[in-house]
2 protein chains.
Amino acid sequence: MAAILDQDGITAAALELISKKGYDGLTMAALARSLGVAPSALYNHVSSKDDVLKLVEEDLMSKVDFGGFSTLPWEEAVRQWAYSYRGIFARHTPLISVIAVLPVTDAPQTLAMYEAVTEGFLRAGFPEKQIIPSIVALEAYIFGAAFDANAPADIFDSGRLADSTPHFTSAVRSLGPERNNYPSDLAFTMGLDALITGLGALREQPGS
Amino acid sequence: MAAILDQDGITAAALELISKKGYDGLTMAALARSLGVAPSALYNHVSSKDDVLKLVEEDLMSKVDFGGFSTLPWEEAVRQWAYSYRGIFARHTPLISVIAVLPVTDAPQTLAMYEAVTEGFLRAGFPEKQIIPSIVALEAYIFGAAFDANAPADIFDSGRLADSTPHFTSAVRSLGPERNNYPSDLAFTMGLDALITGLGALREQPGS
DNA sequence: GAGATAAATGAACGTCATTCATTTATTGGT
DNA sequence: ACCAATAAATGAATGACGTTCATTTATCTC
């Protein structure tokens, strides 16, 4: 029969659906409809909805910018990579629970990213044994920060209980005159700088 | 009518159900059954399943150990808090997407934690404006690390594609002779140390 | 032109969260 | 001590949703 469907088409349609309707709008029925096909037809090309999510994840990974690792100083490369990584997954937080636990086996884009990042760390002088744990730590931070980026501006509004949390309430107020301003971006930069400094200290000094 | 149900009882039953059957086993029907009640009865006390998750979250927050902030040096207090926080939510990752976006208003336990942590930062000499972003950064890391702690041991097995990712594959192998060992705990410690060092540098020096 | 095969269909299932009219038991007022 | 008001539990029903499967349809190969 005419091959209307394939994994690439399903992935593209899923991404478009997500960008238009969010992850709540990503149902097998809606996905099928956007492809002009019956829901059950999808199952000839993917084994489950989770499978669709994996396809989307791989596609997103290919969009993460890790190019700096072959051209920039390590610190700058990490920064560029981390910003790009967070920026992309901040709009795809429902995938994070999938990724964080998903073996990289058969995930070529993800592996390509890890390879480039690892090379960057090696070039910067990291001992081999420190590299994977460092990447894992950075990724943990990036994923957590991606959630954060979606927090509402009033997340720290202590409301009726402000009186019982004076120090906290004051610290929140100190961030600005506006009623509620959540410092997601500022916090990301601060933590990332700390991580870069701290992890960077693990490099072997050239000439010692 | 006899008040069989209340929020505390629902919360306790939900926690027990989660610990026995995991989050997949937490359905309104199962929750009702474990309380000897019809599913619809739950809706007299909670407005939705999300509401149940919020109750569970608050309960878990009360179990996070932030006691060090009033007794230990800042570095040690952060470490203790972070380990406890990660340890608890590592077994409750489905809650993280809820927490990260949930206003603290009307979440007394969560607020109590933030108040204690803020006080600890103040006592350690942090400028008020740096405190909330620092906490946000630490929390992001903790949440991300909680996901990580659930990763399977073979998550970094590059499998058939090992040849195309030589540096990464070698870095993974360097972690140990065993086939697959995911360095979640090591990574957590490394990243946390880096964050503590980096953020700690923001303190105002006493006597300058 | 006759299978064989890959792919799409539509009906059906089971699981959920949630709603609602109804019943049941308790409480407060007289 | 009764009655009305009320809070709480019931059970049936609903509408999504992911997934399965027998069947049909179109294309490719010999």
Name the closest nucleotide to the [X] side chain, picking from [options].
{"X": "B/Val37", "options": "D/dT19, D/dT10, C/dA17", "value": "D/dT10"}
{"X": "A/Asn44", "options": "D/dT10, C/dT18, C/dA7", "value": "C/dA7"}
{"X": "A/Ala41", "options": "C/dA8, D/dC17, C/dT18", "value": "C/dA8"}

Calculate the interatomic distance between [X] atom [atom1] and [N] atom [atom2]; express it in whole Å.
{"X": "B/Tyr43", "N": "D/dA13", "atom1": "OH", "atom2": "P", "value": "18 Å"}
{"X": "B/Leu5", "N": "C/dT26", "atom1": "CG", "atom2": "C1'", "value": "16 Å"}
{"X": "A/Ile4", "N": "D/dT25", "atom1": "CD1", "atom2": "P", "value": "14 Å"}
{"X": "B/Leu35", "N": "D/dA8", "atom1": "CG", "atom2": "P", "value": "15 Å"}
{"X": "B/Lys49", "N": "C/dT19", "atom1": "NZ", "atom2": "C1'", "value": "18 Å"}
{"X": "B/Leu42", "N": "C/dC16", "atom1": "CG", "atom2": "C1'", "value": "14 Å"}
{"X": "A/Met28", "N": "D/dA16", "atom1": "CE", "atom2": "C1'", "value": "15 Å"}
{"X": "A/Leu31", "N": "D/dA16", "atom1": "CG", "atom2": "P", "value": "18 Å"}

Q | Contact nearer the 5' end of DNA chain D, comparing A/Asp24 with A/Ser47 | A |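 Closer to the 5' end of DNA chain D: A/Asp24.
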Q: Report yes or no: do B/Tyr85 and B/Gln80 form a side-chain donor-acceptor pair below 3.5 Å?
A: no
Q. Is it true that the side chains of A/Asp148 and A/Tyr182 contain a donor and an acceptor less than 3.5 Å apart?
A. yes
Q: Measure across B/Leu192 and B/Arg79 and return the closest heavy-atom pair with its distance rounded to 0.1 Å.
A: CD2-CG, 3.9 Å
(Q) Mind checking if B/Leu26 touches a base, just sugar-phosphate, or nothing, with heavy atoms under 4.0 Å? (A) sugar-phosphate
Q) Heavy atoms under 4.0 Å, any strand shown: does A/Ser40 hit a base, just sugar-phosphate, or nothing? A)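 Answer is base: heavy atoms of A/Ser40 come under 4.0 Å of a base.
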Q) Does a nitrogen or oxygen in the side chain of A/His45 sit under 4.0 Å from OP1 or OP2 of C/dA8? A)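 Yes, such a contact exists.
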Q: Only counting residues at least two apart or in another chain, list the ones meeting ring-ring contact (aromatic ring centres under 6.0 Å, His included) with B/Phe147.
A: A/Phe147
**Q.** B/His92-B/Tyr23 aromatic ring centre distance below 6.0 Å
**A.** yes
